[in-house]
Amino acid sequence: MPRAVYVLAIGIFAMVTSEFAVGGLMPEMAGGLGVTISQIGYLITAFAVAMSAGGPLMTVALVRIRPKPALMLLFAIFLAGNVLAAVAPSYSIMMVARVITGVASQAFFGVAISVAVQLSRPEVRGRALAVVLNGLMLGTLLGLPLSTLIGGQLGWRAAFWAVGALTVVAALATMTGVPRLGRADGGNTDFRQELAVFRNDRLWLALSTSTLIIGATFAAFSYLSPILTQVTGFTSGAVPFLLVAYGAATVIGNYLVGRLADRHTIGVLLSGLILNTIFLAAFAVFAHLSVPAVIAMLGVGLVGVTMNPAMAVRVQRAGNPGPLVNTVHASFITLGVIIGSSVGGLVIDGFGLRAPLWLGVALAVLGLVSLLPELARTRARSTTDSPALDRAGAATPR
């Protein structure tokens, strides 16, 4: 595996740590900025919306720039956003900072994934994507508790300064560790051709599946803390350790999916969705029992967001490995986060804390339905042809 792939993961880790920092510092930030906790919550929403809507627009603006300079420019924008957050004198300035960092973060995801694909042989692209996306998993495992610890000990502004320092480290590592590359997808700079792939129905179906997988997972993940304390009965002091265990499960699952994603893309997605449906349903039914609840929670961690490498391989095969496709895919993933967390909050009001888990079950089932056309297509091909090679040189996934 090229060393540069590991370097790209550091950048994603910095982005994810910044994304999660607000969630762990809500009371401190509310006091420091003179607003309510619910208003601080809007900073999380603003970051997600900026990622989803602004990331592709930023990628379009960078489409004629080679990947390495594009990454360095995105690091600079992201660093500026975090510095602005660290010194923000008011809530409105903090909101601007979150929008800036959200846009840069999403575009960085798309370009970094495209670079990882360019650097890797076709038969190991799924593994390369898993390595890069480990930055996301480690952000879940370490980024949130570290930023919360720093903010709690040194003040919430220190957490953003720390993310800024991490961004500088990641940028320097990228400058020295990532080679200069041509533009992805054969050096294509025709924006109309970049957009042409979005006429493919298979690409939109793949994007929709990704949204549903992530939506199902985040319907549960967004409300783990109140579920574990108010339904399962754990103390608030135990929750951070349970979340670390959940994060560890995502790291393991990401590694396993990365090993299988290239040759068994659809099979991995199918298995993951079936298992996630089972784990979410078990969590909903047995949430009041500590041992079954923890097992189900870890199961969701193992087969939920960890489908990312397989999701990315499928999207790239339906479209192309270029940065625009990857950034739009990241936006659909963010849309899943927004749907899972926001609708989960709505159903809690009407049906209680188990309701987001049942919402996750429903979204996972819809994800399975969205796979049916691809399964039918794969079966039809298997009855008429021997396994064909796709344009990347890998066997058609079964």
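In this structure the side chain of Met297 reaches within 4.5 angstrom of the side chain of Leu228, judged on heavy atoms. Contact annotation: the side chain of Val131 never approaches that of Tyr255 to less than 4.5 Å [non-hydrogen atoms, C-beta and beyond]. Looking only at side-chain heavy atoms (C-beta outward), Pro69 and Met72 stay at 4.5 Å or farther from each other. Here the side chains of Trp358 and Phe351 are not in contact, with every heavy-atom distance at 4.5 Å or above. When side chains are defined from C-beta on, Val16 counts as touching Phe109, because their heavy atoms get closer than 4.5 Å. Using a 4.5 Å cut-off on side-chain heavy atoms (C-beta onward), Ile333 and Thr211 make no contact. At least one side-chain heavy atom of Ser18 sits less than 4.5 Å from a side-chain heavy atom of Arg98. Using a 4.5 Å cut-off on side-chain heavy atoms (C-beta onward), Met311 and Ile214 make contact.
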Output side-chain donor-acceptor pairs under 3.5 Å for residues 274-286, partner residues at least two apart or in another chain, one line each.
residue, atom, partner, partner atom, Å
Asn276, ND2, Thr217, OG1, 3.4
Thr277, OG1, Leu273, O, 2.8

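A distance of 10.0 Å separates CD of Glu28 from CD1 of Ile40, quoted to the nearest 0.5 Å. Between Leu166 atom CG and Phe160 atom CZ the span is 13.5 Å, to the nearest 0.5 Å. Between the OG1 atom in Thr250 and the CG atom in Asn308 there is a gap of 10.5 Å [rounded to 0.5 Å]. If you take CG on Leu375 and CZ on Arg377, they are separated by 11.5 Å, rounding to the nearest 0.5 Å. Rounded to the nearest 0.5 Å, atoms CG (Leu84) and CE (Met95) are 12.5 Å apart. How far OG of Ser105 is from CD1 of Ile100: 13.5 Å, rounded to the nearest 0.5 Å.
Note on Leu302 and Val294: same hydrophobic cluster, where clusters join Ile, Leu, Val, Met, Phe, Trp and Tyr whose side-chain heavy atoms are under 4.5 Å apart, directly or indirectly. Val163 and Val168 are not part of a single hydrophobic cluster, where members link through side-chain heavy atoms under 4.5 Å apart. Cluster membership check: Leu79 does not share its hydrophobic cluster with Met51, using side-chain heavy-atom separations under 4.5 Å among Ile, Leu, Val, Met, Phe, Trp and Tyr. Hydrophobic clustering places Leu243 together with Leu353 (ILVMFWY residues linked when any side-chain heavy atoms are closer than 4.5 Å, directly or through intermediates). Hydrophobic clustering (side-chain heavy atoms under 4.5 Å, transitive across Ile, Leu, Val, Met, Phe, Trp, Tyr) keeps Leu212 apart from Val257.
Summarising the geometry of Phe13 relative to Leu138, their closest heavy-atom pair is CE1-O, 3.4 Å, with the distance given to 0.1 Å. Shown here for Ala50 and Val99, the closest heavy-atom pair between the two residues is CB-O, 3.6 Å. Contact record, Ala97 with Ala85: CB-N, 3.6 Å, taken as the closest heavy-atom pair. Between Ala287 and Thr232, the shortest heavy-atom contact is O-OG1, 2.7 Å. Shortest non-hydrogen contact noted between Pro56 and Thr327 is N-CG2, 3.5 Å. A pairwise comparison of heavy atoms in Ile12 and Ala112 identifies CD1-CB, 4.4 Å as the closest pair.
With hydrogens and angles ignored, the 3.5 Å screen pairs no side-chain donor or acceptor of Ser120 with any backbone N or O of Val117. Panel note: side chain Glu374, backbone Leu371; no donor-acceptor pair is recorded below 3.5 Å. Within the 3.5 Å criterion, the main-chain N or O of Gly345 finds a donor-acceptor partner in the side chain of Tyr223. Within the 3.5 Å criterion, the main-chain N or O of Pro321 finds a donor-acceptor partner in the side chain of Asn326. When atom types are taken as modelled, the side chain of Lys68 and the backbone of Met175 share a donor-acceptor pair closer than 3.5 angstrom. A donor-acceptor pair is defined here as one N or O able to donate and one able to accept, closer than 3.5 Å; no such pair exists between the side chain of Ser52 and the backbone of Ala48.
Identified under the side-chain hydrogen bond (donor to acceptor under 3.5 Å, both in side chains) test for residues 153-167, with sequence neighbours left out: none.
For the residue pair Thr209 / Ser370, a side-chain donor-acceptor distance below 3.5 Å is found, with atom types taken as modelled. Side-chain polar atoms of Thr306 and Asn254 form no donor-acceptor pair below 3.5 angstrom.
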Test side-chain contact (heavy atoms from CB on, under 4.5 Å) on Leu74 and Leu62 and set out the steps. CA-CA 10 Å; Leu74 290 169; Leu62 298 175; 3.8 Å; yes
After noting the C-alpha distance and the side-chain angles of Arg314 and Ser210, does the key distance pass the side-chain hydrogen bond (donor to acceptor under 3.5 Å, both in side chains) rule? CA-CA 10 Å; Arg314 183 188 177 201; Ser210 295; over 6 Å; no
Just do the side-chain contact (heavy atoms from CB on, under 4.5 Å) check on Met94 and Met29 with the steps written out, would you? CA-CA 10 Å; Met94 174 59 75; Met29 292 183 66; 3.8 Å; yes
Tyr91 and Leu43: CA distance, side-chain angles, deciding distance, side-chain contact (heavy atoms from CB on, under 4.5 Å) verdict: CA-CA 9 Å; Tyr91 177 78; Leu43 295 175; 4.0 Å; yes
List the steps, then state whether side-chain contact (heavy atoms from CB on, under 4.5 Å) holds for Ser90 with Leu33. CA-CA 6 Å; Ser90 66; Leu33 293 171; 5.8 Å; no
Step by step, work out the side-chain hydrogen bond (donor to acceptor under 3.5 Å, both in side chains) result for Ser331 and Gln106. CA-CA 7 Å; Ser331 291; Gln106 190 81 319; 3.2 Å; yes
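Within a 6.0 Å sphere centred on CZ of Phe234, other residues, nucleotides and ligands contribute more than 12 heavy atoms. The number of heavy-atom neighbours closer than 6.0 Å to CZ of Phe198, taken from other residues, nucleotides and ligands shown, is above 12.
The one candidate from Val328, Leu324, Asn320 that meets the side chain to side chain contact (heavy atoms under 4.5 Å, CB included) condition with Val197 is Asn320. With Leu359 as the fixed residue, the side chain to side chain contact (heavy atoms under 4.5 Å, CB included) test singles out one of Val343, Ile348, Leu346: Val343.
Taking the six-membered ring wherever Trp is involved, the centroid distance between the rings of Phe221 and Phe218 falls below 6.0 Å.
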